[in-house]
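Step one of this worksheet: look at the structure below.
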Amino acid sequence: MGIVEPKILRGFRDLLPTDMIALEKIISVIKDVCESYGFIPTSTPAIEYKNILLAYGEETSKEVYFFEEPDGNMVGLRYDLTVPLSRVIAQYKNLPKPFKRYQVSTVWRYDKPNPGRFREFIQFDIDAVGTSSISADSEIILAIYDCLERLGPSFIIRLNNRKILNSLIVFAGIEPNMARSVFRVIDKLEKQGIEVVKQELGPGRVDISGDKIKGLGLNEVQIKKIEEFLSLPKNTCSEAIDSLKELFKSVKGAEEGIDEIKEIHDHLDCLSIPDGKIIIDFSIARGLDYYTGPVFEVVLTDAKEYGSVVGGGRFDELIGYFTGENTPATGASVGIDRLLEALKKLKLVKTKPSTADVIITIMVKDKLGEYQKIAKKIRDAGIKTELYVGEKTSIKEQLKYADKQDIPVAVIVGEDEFTRNEASIKDLRVIKKQKIEIGEREAYLKERIGQKKVPMGNLVEEIKLMLKK
RNA sequence: GCCGGUGUAGCUCAAUGGCUAGAGCACUUGACUGUGGAUCAAGGGGUUAUGGGUUCAAGUCCCGUCGCCGGUACCA
């Protein structure tokens with residue numbers, strides 16, 4: 001008989017318990033924060049009609065998984081959570097506005113896989129729809145700020161405004177249809193440096209591997225003006241705002257974007273958020289075409305190689321493709337997979353193979369019912385408790401299993417304990433924590449390291465005490 | 001997509017074109033039938049990613065494919 005070779009698609013991956021436990025933990029922290037801000041959960045299908053997925057234009061299509069249903073409908077896997085959100089807003093017209101929702105779901109893109117970047121990945125989106133108020137943008141940024149504070153990594157939130165970049169196009173005298181390309185180039189500033197940016201704005205350059213990168217062909221005056229913009233003093237947010245105001249004083253309509261970013265800054269200032277954690281960076285544009293106002297992204301300062309782990313901004317024109325009317329919206333998207341990889345590397349998330357805190361070992365096979373009673377008692381007290389169900393029933397095997405699963409406490413009840421109405425509880429962490437100097441195996445066994453006999457009536461209390469250590 | 005590197009046991013890696021492809025860790029078993037550590041002993045594990053070619057002889061050299069890593073491009 002042929003054996004089927006076990007393999008998975010390129011860019012896809014399995015999440016084994018250790019990763020999955022860490023992932024769930026991260027998600028639950030973010031959910032808690034969202035709900036503490038009054039964002040409410042939504043869910044939409046993984047599959048949408050093709051024309052829905054293509055609502056913003058055909059150019060998106062090459063990275064989307066499309067397929068035909070047996071009855072001929074053309075459908076596809078969602079590639080983000082914003083398109084389904086727009087559909088939902090258009091479809092359920094009586095949703096309360098502002099509609100503040102969060103959604104954590106899998107999305108699919110046929111991209112080139114990278115470390116921390118997969119073809120199937122999880123997005124955590126937070127959005128506020130139906131309000132132009134900048135306070136919505138501030139709330140989302142604050143929620144993201146709180147999430148990161150609770151998760152623990154050091155980070156920087158970079159803020160900008162698409163309107164400011166649009167003013168730059170006017171300021172530098174660039175054709176409006178070049179705007180998008182210019183934004184794409186200046187977005188590279190942080191990673192590549194000013195010289196590369198200037199080359200790409202102008203004649204182009206040749207990269208390390210010998211590839212030619214075409215330049216945008218801007219003239220020297222235009223490049224000079226962009227450089228002036230990018231090198232504005234911005235040690236503090238107020239300094240950045242003031243210097244930009246000065247630079248753009250003759251640009252018509254430039255106040256709007258500057259005022260918006262100032263408003264966000266004022267909100268954050270009231271909460272005494274340290275100036276270095278949320279900064280203004282005029283180079284960030286975000287890859288997406290659809291942003292219309294404030295934009296921001298987050299990098300982890302000790303794990304920069306994962307790129308931005310959160311990105312977001314205002315997209316006032318997007319939902320209109322479905323509603324036919326102007327529907328302002330702003331949001332953020334957390335790259336959960338990148339965050340997981342980064343937090344693992346920074347050792348800020350527990351990587352454990354099991355969620356159980358207690359294992360009940362089986363010593364007397366025909367008293368299974370008794371063991372189940374013990375397990376129930378501990379579970380009823382809110383402690384995660386596993387009853388050993390393996391076939392190898394020697395105590396040695398059971399403890400080895402518990403050790404491998406990193407379960408901290410074992411309950412051992414044999415004939416002795418049953419007759420005395422007692423239980424032995426054993427702290428399995430003790431051996432790992434300190435090297436115990438016992439040479440002889442016999443002495444080691446006698447020592448019963450980390451073990452304690454307690455009356456059955458006190459079992460739950462004693463376990464709680466042991467777990468607290 | 002393009003450029004470069006790389007692929008040997010579960011993991012980390014050895015092996016001048018030449019004898020039966022090795023080691024450490026991990027794993028299994030026993031010393032030890034109510035105790036996970038340490039120690040000792042034994043054991044299992046490989047189509048050298050894959051398909052072709054050169055050669056008396058290929059893990060080793062050449063070509064294709066696939067995977068992985070790095071860079072670059074793209075990213076609604």
Side-chain angles (χ1 to χ4, degrees), chain A residues 5 7-11 13 52-64 76 78-83 86 107 109-115 117 119 121 123 180-181 184-185 187-188 191-192 196 200 204-214 285-291 305 307-308 311 315 317-318 321 333 335 359 361-364 388 392-418 424-451 453:
Chain A
E5 186 192 356
K7 59 186 274 191
I8 56 174
L9 271 56
R10 181 184 160 131
R13 85 261 198 234
I52 298 276
L53 294 172
L54 290 179
Y56 308 146
E58 291 283 332
E59 65 190 281
T60 63
S61 66
K62 63 176 191 287
E63 285 179 6
V64 182
R78 64 178 167 219
Y79 57 85
D80 75 3
L81 299 180
T82 309
V83 170
S86 302
V107 304
R109 289 182 200 178
Y110 193 77
D111 261 345
K112 177 187 161 183
N114 267 328
R117 180 170 165 177
R119 287 180 172 171
F121 58 103
Q123 279 194 337
R180 198 185 160 191
S181 311
R184 210 185 56 229
V185 172
D187 200 46
K188 296 182 186 180
K191 209 173 159 190
Q192 307 271 9
V196 165
E200 290 196 24
R205 67 184 178 100
V206 177
D207 78 9
I208 305 167
S209 66
D211 260 7
K212 274 187 190 164
I213 296 171
K214 234 180 152 181
R286 307 290 303 149
L288 318 189
D289 212 13
Y290 61 50
Y291 288 121
E305 64 273 27
S308 80
F315 48 98
E317 287 157 14
L318 205 54
Y321 283 101
S333 184
I359 184 160
T361 59
I362 308 295
M363 304 291 290
V364 188
Y388 182 78
K392 297 181 189 171
T393 51
S394 72
I395 182 70
K396 181 175 171 159
E397 287 300 334
Q398 300 188 47
L399 290 178
K400 262 191 180 174
Y401 168 78
D403 192 40
K404 231 186 249 174
Q405 292 296 90
D406 221 349
I407 298 171
V409 170
V411 173
I412 302 168
V413 183
E415 292 289 10
D416 290 0
E417 285 90 346
F418 274 125
S424 294
I425 58 175
K426 190 180 183 76
D427 190 334
L428 297 174
R429 297 165 297 190
V430 173
I431 281 182
K432 283 183 197 167
K433 269 188 199 153
Q434 64 221 39
K435 272 194 183 162
I436 291 179
E437 306 245 347
I438 299 172
E440 293 284 318
R441 180 163 173 84
E442 211 170 305
Y444 164 77
L445 293 180
K446 251 185 206 158
E447 193 72 17
R448 298 283 150 93
I449 294 156
Q451 193 163 327
K453 270 202 171 133

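Note on naming: letters A, B, ... go to the chains in the order of the sequence lines (proteins, then strands), and numbering restarts at 1 for each one.
Put simply, the side chain of A/Glu417 and the base of B/G34 share a donor and an acceptor less than 3.5 Å apart. Applying the 3.5 Å distance criterion, the base of B/U35 shares no donor-acceptor pair with the side chain of A/Gln398. One cannot find a donor-acceptor pair under 3.5 Å joining the base of B/U35 and the side-chain atoms of A/Lys396. Side chain A/Lys112 to base B/U72: a donor-acceptor pair is found below 3.5 Å. For A/Arg117 against B/C75, a side-chain N or O and a base N or O form a donor-acceptor pair under 3.5 Å.
Considering only the side chain of A/Asp416, B/G34 comes nearest among B/A73, B/U35, B/G34. Listed candidates were B/C75, B/G36, B/A73. Nearest to the side chain of A/Lys188 is B/A73. The side chain of A/Ile431 lies closest to B/G36, out of B/G34, B/G36, B/C74.
Atoms CZ and OH, from A/Arg10 and A/Tyr110 in turn, are 7.5 Å apart once rounded to the nearest 0.5 Å. Interatomic distance, A/Ile359 CD1 to A/Leu428 CG, rounded to the nearest 0.5 Å: 8.5 Å. Here the straight-line distance linking atom OG of A/Ser86 with atom OH of A/Tyr290 works out to 8.5 Å at 0.5 Å rounding. Taken from CZ in A/Arg109 to CG in A/Asp80, the straight-line distance is 6.0 Å, to the nearest 0.5 Å.
Remark: P of B/G34 and NZ of A/Lys400 are 15 Å apart, rounded to the nearest angstrom. Atom-to-atom, CZ of A/Arg448 to P of B/G34 comes out at 10 Å; the value is rounded to the nearest Å. Atom pair A/Asp403:CG and B/G37:C1' shows a separation of 8 Å (rounding to whole Å applied). Atom pair A/Leu399:CG and B/U35:P shows a separation of 9 Å (rounding to whole Å applied). Atom NZ in A/Lys404 sits roughly 16 Å away from atom P in B/G10 (whole-Å rounding). The separation between A/Ile395 atom CD1 and B/G34 atom P is 9 Å, rounded to whole Å. Taking atom CD1 of residue A/Ile359 and atom P of nucleotide B/U35, one finds them 17 Å apart after rounding to whole Å. Here B/A31 presents its P atom at 13 Å from CG of A/Leu445, a figure rounded to the nearest Å.
In RNA chain B, runs of at least 3 stacked Watson-Crick or G-U pairs (N1-N3 plus N6-O4 or O6-N4, or N1-O2 plus O6-N3, all under 3.5 Å) give these stems: B:1-7 with B:66-72, B:10-13 with B:22-25, B:27-31 with B:39-43, B:49-53 with B:61-65.
Residues A/Leu9 and A/Arg119 are not in side-chain contact: their nearest non-hydrogen atoms beyond the backbone lie 4.5 Å or more apart. Side-chain contact between A/Val430 and A/Gln451 is absent, with no heavy-atom pair separated by less than 4.5 Å. A 4.5 Å side-chain heavy-atom check between A/Ile362 and A/Gln398 finds at least one atom pair inside the cut-off.
The phosphate of B/G34 (OP1 or OP2) has no side-chain N or O of A/Lys426 nearer than 4.0 angstrom. Listed pair A/Arg184 / B/C74 meets the phosphate criterion, a side-chain N or O lying under 4.0 Å from OP1 or OP2.
Taking atom C1' in both B/A9 and B/G53, the straight-line distance is 28 Å, to the nearest Å. Between the P atoms of B/G24 and B/G67, the separation comes to 35 Å (whole Å). Between B/A14 and B/C2, the distance separating the two P atoms is 31 Å to the nearest Å. Across the C1' atoms, B/A23 and B/G45 are found 15 Å apart, a figure rounded to whole Å.
Summary of the strand contacts: A/Ile407 and A/Glu397 both lie near RNA chain B, and taking for each the nucleotide with the nearest heavy atom, the more 5' one is attributed to A/Glu397. Position along RNA chain B of the nearest nucleotide to A/Lys453 versus A/Leu53 favours A/Lys453 as the more 5'-ward residue.
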Which nucleotides of nucleotides 39-45 of chain B have their base under 4.0 Å from a protein heavy atom (B), which only their sugar-phosphate (S), and which neither (-), written as one string 5' to 3'?
-------
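In this structure a side-chain-to-backbone donor-acceptor pair under 3.5 Å is missing from A/Arg429 to A/Pro408.
The aromatic rings of A/Tyr321 and A/Tyr56 are tilted relative to each other, their planes meeting at an angle between 30° and 60°.
When every heavy atom of A/Ile395 is checked against every heavy atom of A/Met363, the shortest pair comes out as CD1-SD, 3.7 Å.
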Please step through side chain to side chain contact (heavy atoms under 4.5 Å, CB included) for the pair A/Lys426 and A/Thr361, ending with a clear verdict.
CA-CA 11 Å; A/Lys426 190 180 183 76; A/Thr361 59; over 6 Å; no
Between the protein and nucleotides 66-69 of chain B, list every N/O to N/O distance that falls short of 3.5 Å.
residue	atom	partner	partner atom	Å
B/G67	OP2	A/Arg10	NH1	3.4
B/C68	OP2	A/Arg10	NH1	3.4

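Nucleic acid contact for A/Val83: none, since no nucleic acid atom lies under 4.0 Å from a heavy atom of the residue. Among the protein residues, A/Tyr401 comes within range of no part of the nucleic acid, since none of its heavy atoms lies under 4.0 Å from any strand.
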